There are 2 protein chains.
Amino acid sequence: MSVAIRHDDLRKRNRAMVIAAVRQAQQPSRTEIAGSTGLSHSTISAISSDLIAEGILLEAKGPEASSQKRGRPQVALELNPDAAEIVTVVLSLNFLSVAIVDYSGKVVSEEERKLETLTMSRDGLIGECVAMVCRQIALRKSAGRRVMRIGMAVQGITDSTSRAMLWTPITAHTHIAFADIIEEATGIPVTVENDCNMIAVALRWRKPERYHNDFIAVLLSHGIGMGMVLKGELFTGTQSSGGEFGHMIHRPDGALCRCGRRGCVEAYAGNYAIWRKAKQASEDEAPLADISDGDMRMLADVARAGPGPEREAFRKAGEAIGFGLGSLFALIDPAPVAVVGIGATAFDLIEPALREAIDKTAGGQHNKAISFDIEPNELPLIREGCTMQALTFVDQEIFAPGASPAAAGRNVA
Amino acid sequence: MSVAIRHDDLRKRNRAMVIAAVRQAQQPSRTEIAGSTGLSHSTISAISSDLIAEGILLEAKGPEASSQKRGRPQVALELNPDAAEIVTVVLSLNFLSVAIVDYSGKVVSEEERKLETLTMSRDGLIGECVAMVCRQIALRKSAGRRVMRIGMAVQGITDSTSRAMLWTPITAHTHIAFADIIEEATGIPVTVENDCNMIAVALRWRKPERYHNDFIAVLLSHGIGMGMVLKGELFTGTQSSGGEFGHMIHRPDGALCRCGRRGCVEAYAGNYAIWRKAKQASEDEAPLADISDGDMRMLADVARAGPGPEREAFRKAGEAIGFGLGSLFALIDPAPVAVVGIGATAFDLIEPALREAIDKTAGGQHNKAISFDIEPNELPLIREGCTMQALTFVDQEIFAPGASPAAAGRNVA
DNA sequence: TTCTTTTTTTCGAGGCTCGAAAAAAAGAGC
DNA sequence: GCTCTTTTTTTCGAGCCTCGAAAAAAAGAA
């Protein structure tokens with residue numbers, strides 16, 4: 001059963017709602033906030049004057065667009081960039097990136113680095129992450145700023161409490177409790193999230209008109225990842241980050257997957273699987289560790305040039321993704337799909353077989369209604385999602401403590 | 001964005017919470033309610049005295065168990081059975097059942113009937129349902145009782161707003177707007193739900209210690225159904241009741257399914273699929289319309305007696321369910337499973353292949369932790385879930401209304 | 001300079017929850 | 001049988017919160 005609502009939670013929740021309204025709209029007036037939240041003008045007035053006094057909001061004094069309208073002009077409110085800063089950490093194959101972002105969402109400092117994640121020792125990998133984070137925080141500390149939260153996105157499976165990376169394709173080391181480790185080193189709260197989930201979060205901020213309550217982001221790269229928003233909430237597993245679309249079974253006892261099992265969607269649609277098929281190697285052959293984006297583009301060009309094993313490899317990939325999405329749609333019903341990553345550049349080769357496969361599934365009845373959006377570059381999305389996730393955390397937990405708007409209105413028997 | 005919380009919503013929510021606490025615990029005292037809800041004693045006292053005055057709760061004056069304890073004895077509160085009545089309607093293959101249930105959950109009247117659902121006309125089917133519901137309501141009206149809500153459970157796919165049956169295996173007719181039709185005939189609000197979802201709801205009320213936040217109910221009968229609770233909430237699709245586990249793809253382009261497509265889990269694990277395989281018929285052969293429970297039990301006995309096509313058929317079923325669950329677990333992580341329906345009586349024949357298959361999937365790493373519970377009889381569960389769903393609706397929407405402050409309730413006191 | 005119009009703030013009313021204290025209702029002890 | 005102790009339940013005032021109405025503020029229009 002859901003927890004009772006205390007009297008003082010009311011203010012906290014409504015504070016959180018006002019902050020959320022300001023973050024969502026850019027520079028809304030008090031009247032607009034009253035409209036979008038449904039609270040009365042008096043309440044918005046009281047809350048926003050509190051928030052301004054606390055240095056969380058500002059009255060925007062930008063160059064007035066001289067509204068041309070009669071009456072007292074609206075005063076735009078905006079997030080105070082100096083109210084807080086957060087850190088984003090993105091760890092993926094052979095790559096680490098850390099950025100400092102201010103409260104309004106602007107990147108104020110960043111650092112990137114190539115790493116040999118596959119061959120590094122456990123301590124080496126952890127050390128690099130911690131060092132880069134500490135370096136960046138030290139920079140900001142010397143500038144007199146306070147970092148309030150660290151959001152980390154990793155390729156791989158994280159636990160459902162967002163504390164640890166459980167498994168990843170980027171290194172053989174497992175169960176790395178990044179949250180504990182980085183908190184220990186910095187004293188700042190940390191969450192660890194799956195990269196595809198952060199892509200989904202980013203898409204919602206970026207294109208709310210398309211990605212609103214229900215949608216799917218599929219990452220096509222060396223492996224296959226997925227982030228999903230259902231009924232307005234980021235979908236996660238019961239024990240882990242979940243949504244391991246790439247490891248749904250496409251063909252029982254089929255092709256060898258990077259995870260060691262057989263027949264996963266990824267074993268047909270991951271870069272290594274397409275490469276393996278195109279080179280006419282056996283499905284039992286061990287997957288390559290990495291294939292450059294350039295090589296994949298070249299392979300796609302060959303496939304486009306004419307029929308042959310290359311084209312067939314992309315077709316097989318489309319088939320696997322199509323049947324996988326079909327099974328997924330049997331569970332959740334069809335939803336808009338964003339195709340993200342290098343694989344998106346070859347989506348023209350993948351789509352026909354994909355749609356043909358979906359047509360053969362329960363989701364097929366709405367095949368025409370299913371639309372695919374293409375976004376080749378995943379890294380900016382991961383960063384952006386990570387940023388928004390961390391900032392929303394600050395919004396809700398630090399400036400409006402105790403409230404949990406996600407649980408609002410839910411009370412299922 | 002979530003809607004703002006108004007000041008008067010506070011009381012309404014806390015009223016709903018108190019009612020829920022009383023329904024969950026049997027006969028809790030005010031002190032116990034304060035403990036379980038986290039509200040203060042004064043608040044509980046105020047709310048419960050309101051609810052008693054309104055005739056929703058009663059002070060239980062049962063034969064005191066003479067608590068043996070010092071101090072003022074606790075006064076148990078209970079739901080007033082006369083506060084309301086609800087109707088449950090269960091429509092499945094060749095069978096219709098209607099029951100009247102009082103506010104405390106006790107069945108006060110029921111009626112069942114065999115129907116030839118497969119061959120009936122659309123209007124005939126609708127007419128039978130409406131007639132039986134109206135007959136039962138008329139009975140209660142003459143007894144001076146007021147029915148406040150009707151909950152209907154149907155085999156098949158319902159829409160996500162719980163208004164209509166979209167598709168069903170029990171008749172060729174589709175898109176029957178049962179909610180509108182029955183509301184029109186009775187003037188009482190109706191919801192239409194998927195039967196397996198109601199099984200999940202029932203399991204949570206029946207065994208909360210096992211089925212709490214995350215679990216799955218799989219119905220093995222002529223077709224394969226599923227109800228799922230994730231993070232404490234009943235899982236539904238974005239547009240329909242969702243969770244069509246039976247129509248996830250087990251083998252692309254494989255055996256012919258009742259739905260007309262190929263390779264669905266159901267095409268290997270539904271009664272008709274097991275039967276077809278056991279009789280060594282082609283996988284392309286059209287599914288039988290119905291197979292009696294007796295025939296299925298006999299088939300299972302033959303399979304138990306020794307190796308042969310019968311045993312192999314059950315093995316194939318286990319394999320299909322296992323790979324299907326494996327794919328599902330890739331998305332949501334492993335969770336407790338309840339196996340419901342006639343297929344549960346043959347679970348000994350199914351389980352080995354099922355576990356072997358799961359072992360080959362992403363869910364396999366926790367294979368030993370996955371536990372299966374057996375419940376052969378689905379009908380009582382469907383009724384019970386339907387009952388609790390409807391009663392909870394009454395609890396939340398009628399006695400603790402969310403939006404309309406003009407509602408009569410409190411002024412009557 | 002004086003209306004209009006629109007936004008924002010102020011102010012009092014009405015509710016809600018909470019903690020503390022009081023009242024109620026039993027058993028325990030003599 | 002009477003008084004003490006313990007536990008549950010109710011009462012009461014304090015402190016918040018939201019809301020509507022009215023007032024104040026800040027512009028353009030006349």
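These numbers come from a predicted model, not from an experiment. Proteins get letters first, then strands, A, B, ... in listed order; numbering begins at 1 in each.
- Counted by atom type alone, Gln239(B) and Ser160(B) present zero donor-acceptor pairs between their side chains at under 3.5 Å.
- Relative to the ring axis of Phe393(A), Arg149(A) places its NZ or CZ within 45° and under 6.0 Å from the centre.
- If you take NE2 of His41(A) and C1' of dA25(D), they are 16 Å apart, rounded to a whole angstrom.
- Using a 3.5 Å distance cut-off with no hydrogens or angles, the side chains of Ser162(B) and Glu193(B) do pair a donor with an acceptor.
- The side chain of Arg13(A) places no N or O atom within less than 4.0 Å of a non-bridging phosphate oxygen (OP1 or OP2) of dC17(D).
- For dT17(C), the paired base is dA14(D) (Watson-Crick or G-U wobble, both distances below 3.5 Å).
- dC3(C) is paired with dG28(D) under the criterion used here, namely a Watson-Crick or G-U wobble arrangement in which both key atom distances are under 3.5 Å.
- Within 6.0 Å of the CD atom in Gln26(A), the count of heavy atoms belonging to other residues, nucleotides or ligands does not exceed 12.
- Residues Ser40(B) and Thr43(B) bring a donor and an acceptor atom of their side chains to less than 3.5 Å of each other.
- When the P atom of dA27(D) is taken as reference, atom CD of Gln74(A) falls 13 Å away, rounded to whole Å.
- Side chain of Thr387(B) to main chain of Arg383(B): a donor-acceptor pair is present (N/O by atom type, distance under 3.5 Å, no hydrogens or angles).
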Please write out the pairs of protein N or O atoms and N or O atoms of nucleotides 2-6 of chain D separated by less than 3.5 Å, giving the distance to one decimal.
| from | atom 1 | to | atom 2 | distance (Å) |
| --- | --- | --- | --- | --- |
| dT6(D) | O2 | Gly71(B) | N | 3.4 |

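- The distance from atom CG of Leu39(B) to atom P of dT9(D) is 15 Å, rounded to the nearest whole Å.
- The side chain of Val75(A) lies closest to dT8(C) when the candidates are dT8(C), dT17(C), dA26(D).
- The side chain of Ser42(B) sits closest to dC18(C) out of dT17(C), dT8(C), dC18(C).
- Taking 4.0 angstrom as the limit, Thr31(A) places a side-chain polar atom (N or O) nearer than this to OP1 or OP2 of dT8(C).
- Look at CD1 on Ile52(A): it is 10 Å from P on dT8(C), rounded to the nearest Å.
- The pair Arg146(B)-Glu85(B) does not count as a salt bridge, with every side-chain nitrogen at least 4.0 angstrom from each carboxylate oxygen.
- Side-chain atoms of Thr43(B) lie closest to dC18(C) of the nucleotides dC18(C), dT8(C), dC11(C).
- Dashed line: the shortest gap from a side-chain N or O of Ser40(A) to OP1 or OP2 of dG20(D) is not under 4.0 Å.
- In this structure, Lys207(B) fails the cation-pi test against Phe215(B), since its NZ or CZ atom is not both closer than 6.0 Å to the six-membered ring centre and inside 45 degrees of the ring normal.
- Rounded to whole Å, atom P of dG15(C) lies 16 Å from atom CD1 of Ile47(B).
- In the set dT9(C), dC17(D), dT9(D), dC17(D) carries the atom at the smallest distance from any side-chain atom of Leu10(A).
- Between Arg11(A) and dT18(D) there is a side-chain polar atom (N or O) within less than 4.0 angstrom of OP1 or OP2.
- In this structure, Asn14(A) does not reach the dC17(D) phosphate: none of its side-chain N or O atoms is under 4.0 Å from OP1 or OP2.
- Rounding to whole angstrom units, CG of residue Leu77(B) and C1' of dT8(D) are separated by 12 Å.
- As a whole-Å value, the separation of Glu59(B) CD from dA25(C) P is 11 Å.
- When rounded to the nearest whole Å, the span between NZ of Lys12(B) and C1' of dT18(D) equals 13 Å.
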